[in-house]
Amino acid sequence: MSLTSTPTRKRGRPRNDEAATPSIDALLEASADIFARDGYDGVSLRKLQSELKVSYTFFHHYFDSKEALWKAVVDKLAGMTTANVLEALNHIDEEHSELDALKSAITVYIRSAFQYPAIYHIYQQESQCSGPRLDYIYQCYFESPWQYIRELVSKVNRNGTLKPIPIETLFFFVQSATAPVVQYPFYQKLTGSPALNPAQIENHIQQSIDLLFNGWHL
């Protein structure tokens, strides 16, 4: 059975312990929200099974452990974000310079926080202490892209376009632009806004890019 298929239920009334069977994508997205909300240690397979209303058989057909499910969640959401960032980094041609690609990739990364907030909450949780889950995130989804960005920044710096700054400074500045997502209650306090709207999101992204590349001077 493929990962994208769902088990076929026989005709007739379902058993008491048999729940609806969502698609694997829906299961991963719902699980991501729960990991984002409760953290890895606050989640159990039994809790997920109960909250997502899926049967034991269905759940364990795909995932034999909480760790396996967590990795599948990260692979789905972080994988999409990383693929989009790498695509932007590689968009260099006669009309798009290395600087354009760098701006575009950072824009994509910040925008992804608003598109897939759960994975950014997971990043935030796991980045606070060392361990195998942080190693997995870093090695699979940050180490290679940020090495690529480091090389791209070096090329731009050699042209005298940007002031040299440590790559980690760039990373944490970019990461701070995702704060409205990972610190949403605080964002609401600062702005008095009950909810983010598309115009606010886009303005935040564009102002973050402008501040990073052009500074605060008029």
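Note that the coordinates shown come from a computational prediction; the quantities given were computed from them, not determined experimentally.
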Distance-minimising heavy-atom pair for [X] and [Y]:
{"X": "Ala32", "Y": "Ile122", "result": "O-CD1, 4.2 Å"}
{"X": "Ser104", "Y": "Ala88", "result": "OG-CB, 3.6 Å"}
{"X": "His91", "Y": "Ala101", "result": "O-CB, 3.9 Å"}
{"X": "Leu102", "Y": "Leu152", "result": "N-CD2, 4.0 Å"}

- Task: Please identify each residue that fulfils ring pair (Phe, Tyr, Trp, His ring centres under 6.0 Å) with Tyr141, with sequence neighbours left out.
- Result: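 Result, ring pair (Phe, Tyr, Trp, His ring centres under 6.0 Å) vs Tyr141: none returned.
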
Residues 157-167, side-chain donor-acceptor partners within the protein, below 3.5 Å, at least two apart:
| from | atom 1 | to | atom 2 | distance (Å) |
| --- | --- | --- | --- | --- |
| Asn157 | ND2 | Val153 | O | 3.4 |
| Asn159 | ND2 | Lys155 | O | 3.4 |

- Query: Is the ring centre of Tyr120 less than 6.0 Å from the ring centre of Tyr109?
  - Reply: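 Centroid distance Tyr120-Tyr109: below 6.0 Å, so yes.
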
- Task: May I have the step-by-step check of side-chain contact (heavy atoms from CB on, under 4.5 Å) for Leu134 and Tyr123, ending in yes or no?
- Result: CA-CA 8 Å; Leu134 177 59; Tyr123 291 160; over 6 Å; no

- Query: Could you go step by step and tell me if Gln183 and Thr178 meet the side-chain contact (heavy atoms from CB on, under 4.5 Å) rule?
  - Reply: CA-CA 8 Å; Gln183 298 176 358; Thr178 70; over 6 Å; no

Please say whether more than 12 non-hydrogen atoms of neighbouring residues, nucleotides or ligands are located less than 6.0 Å from [atom1] in [X].
{"X": "Glu95", "atom1": "CD", "result": "no"}
{"X": "Phe173", "atom1": "CZ", "result": "yes"}
{"X": "Gln188", "atom1": "CD", "result": "yes"}

Given 3.5 Å as the limit, does a donor-acceptor pair link the side chain of [X] with the main chain of [Y], or not?
{"X": "Ser50", "Y": "Arg46", "answer": "no"}
{"X": "Thr81", "Y": "Ala78", "answer": "no"}
{"X": "Glu98", "Y": "Ile92", "answer": "no"}

Scan the side chains in residues 191-198 for donor-acceptor partners under 3.5 Å anywhere in the protein, sequence neighbours excluded, and list what turns up.
| from | atom 1 | to | atom 2 | distance (Å) |
| --- | --- | --- | --- | --- |
| Thr191 | OG1 | Tyr187 | O | 2.9 |
| Thr191 | OG1 | Ser193 | N | 3.1 |
| Ser193 | OG | Ala195 | O | 2.9 |
| Asn197 | OD1 | Ala199 | N | 3.0 |
| Asn197 | OD1 | Gln200 | N | 2.8 |
| Asn197 | ND2 | Gln200 | OE1 | 3.0 |

Report the distance from atom [atom1] of [X] to atom [atom2] of [Y], rounding to the nearest 0.5 Å.
{"X": "Gln175", "Y": "Phe172", "atom1": "CD", "atom2": "CZ", "value": "7.5 Å"}
{"X": "Asp33", "Y": "Glu51", "atom1": "CG", "atom2": "CD", "value": "9.5 Å"}
{"X": "Leu48", "Y": "Ile34", "atom1": "CG", "atom2": "CD1", "value": "5.0 Å"}
{"X": "Ile137", "Y": "Ile119", "atom1": "CD1", "atom2": "CD1", "value": "6.0 Å"}
{"X": "Phe171", "Y": "Ile106", "atom1": "CZ", "atom2": "CD1", "value": "11.5 Å"}
{"X": "Asp135", "Y": "Cys140", "atom1": "CG", "atom2": "SG", "value": "10.0 Å"}

- Item | Heavy-atom side-chain contact between Tyr148 and Val85 under 4.5 Å |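 The answer is no; the side chains never approach within 4.5 Å.
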
Identify, with sequence neighbours excluded, every residue that meets salt bridge (charged side-chain N to carboxylate O under 4.0 Å, His left out) alongside [X].
{"X": "Glu29", "answer": "Lys76"}
{"X": "Glu143", "answer": "none"}
{"X": "Asp38", "answer": "Lys47"}

For [X], side chain to side chain donor-acceptor pair (under 3.5 Å) partners two or more places apart:
{"X": "Asp100", "answer": "Ser97"}
{"X": "Gln124", "answer": "none"}
{"X": "Tyr116", "answer": "none"}
{"X": "Asp41", "answer": "none"}

With a 3.5 Å cut-off and sequence neighbours excluded, list the donor-acceptor pairs that the side chains of residues 201-214 form with protein atoms.
| from | atom 1 | to | atom 2 | distance (Å) |
| --- | --- | --- | --- | --- |
| Glu202 | OE1 | Arg111 | NH2 | 3.1 |
| Glu202 | OE2 | Arg111 | NH2 | 2.7 |
| Glu202 | OE2 | Gln206 | NE2 | 2.9 |
| His204 | NE2 | Ala177 | O | 2.6 |
| Ser208 | OG | His204 | O | 2.8 |
| Asp210 | OD1 | Asn214 | ND2 | 2.5 |

Which atom pairs, donor and acceptor, lie under 3.5 Å between side-chain atoms of residues 63-71 and protein residues at least two apart or in another chain?
| from | atom 1 | to | atom 2 | distance (Å) |
| --- | --- | --- | --- | --- |
| Ser65 | OG | Ala68 | N | 3.0 |
| Lys66 | NZ | Tyr40 | O | 2.8 |
| Lys66 | NZ | Val43 | O | 2.7 |

